[in-house]
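We count ligands from 1, going down the list as the structure has it; atoms in each ligand are counted the same way.
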Amino acid sequence: MKHRVETLLDRLPQEVDGALILSPVNRFYFTGFSSSAGMVLITRQGSCFYTDFRYIEAARQAVTSMDCAQYHKASDVLVDAMAKYRVKNVAYEGDFMSVSQLDRYQKVMGDVRLGYRLDQEVSELRCIKSPEEVERIEAAQRLAEYALEKVLDRIRPGVTEREIALELEFLMRKQGAEAVSFDTIAITGSNTSLPHGVPGERAVQKGDFFLMDFGATLDGYHSDMTRTVGVGQVSSEQKDVYQLVLKAQLETLKSIRAGKTGAECDAVARGIIEGAGYKGCFDHGTGHGVGLEIHEEPRLSPGAGQQLHPGMIVTVEPGIYLAGKFGVRIEDMVVVTENGCKNLTNLPKELIEL
Ligand SMILES: [Mn+2]
């Protein structure tokens, strides 16, 4: 955590004396402590985590990277804090603060200027994962895989989407997940053509696809995977589409390595899918970063000019969606290395016909 604080300070322009961190996810990133209320002040003269009565005792035990102090309201301590750490120009999270919140803080702080947006610097820090962060994400992924392997036995004609979604969530939580990464997608039949379909009362039928996109959260870190399976024998059209998505996914995985841009990797999947005549049937990005948030930098999408670096974790999740018929998506999570990538997803991807 100390290293993160120092790296952020190194990256901020010289004329900025400190950083005011208010978002829960970035507070957790810099302190390792999770709370619904708090404020992190990082400065060149020292750093402090401020929180209220509900959290202060736990924070004092958990936060080792900086001082801790109690407040009733953040606005009560802002002026003194800025004076104590001799801050005149403080960076803030432009992506997080609302216009009215920024206004309110600026009024309270008087002469101290909220003069620099630090979103870029924090995002660049967060998207390179330390070995410990990779381990946590892998551990979260193992929980999701455990759930999927168990739930495959339950997917049979008659069972509903909601039942499978709940079962996946129950199994992940029972195995130790602190939460699900996002609203579980477990859909079947023609619903599978909805990339973010919502599980409902629809029942599984023979010959349909069943698509599951889900993940677990562990120690604050997320996992993300998608598998599409056949319920009994599927049609030759379904098979062909599945094989094409799998090919796009495998080729994109092969293309990933440090130095490539997100757009270059995205173009591999898009080229294969559109080249086979499915233009317009794959209109979301090929992948995204995963970490303390389920969707974060970097992106694998058209126009994503950012280069990949070792330690970045991204998903690779091409799909083909045929409205009113069916859809297929296959998603793994990988960590970028110097010469390629390491797949953090262990489950097979060959078409399963249950
Ligand atoms: Mn995803």
Original post:
How far apart are the C-alpha atoms of Asn343 and Asp332, what are their side-chain angles, what is the distance that settles it, and do they pass the side chain to side chain donor-acceptor pair (under 3.5 Å) test?
Top reply: CA-CA 7 Å; Asn343 202 326; Asp332 288 342; 3.0 Å; yes
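- Of all protein atoms, those that are N, O or S and lie under 2.8 Å from the Mn ion (ligand 1) total 4.
- Summarising the geometry, atom CG belonging to Leu143 is positioned 12.5 Å from atom CG belonging to Leu168; distances are rounded to the nearest 0.5 Å.
- A parallel orientation is assigned to the rings of His196 and His295, their planes being inclined by less than 30° (bins at 30° and 60°).
- In summary, Asp95 and Arg117 engage in a salt bridge, as defined by a charged side-chain N under 4.0 Å from a carboxylate O.
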**OP:** Please step through side chain to side chain donor-acceptor pair (under 3.5 Å) for the pair Ser75 and Arg104, ending with a clear verdict.
**Re:** CA-CA 9 Å; Ser75 52; Arg104 215 161 52 236; over 6 Å; no
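- Within the 4.5 Å cutoff, the side chain of Val159 has no heavy atoms near those of the Glu167 side chain.
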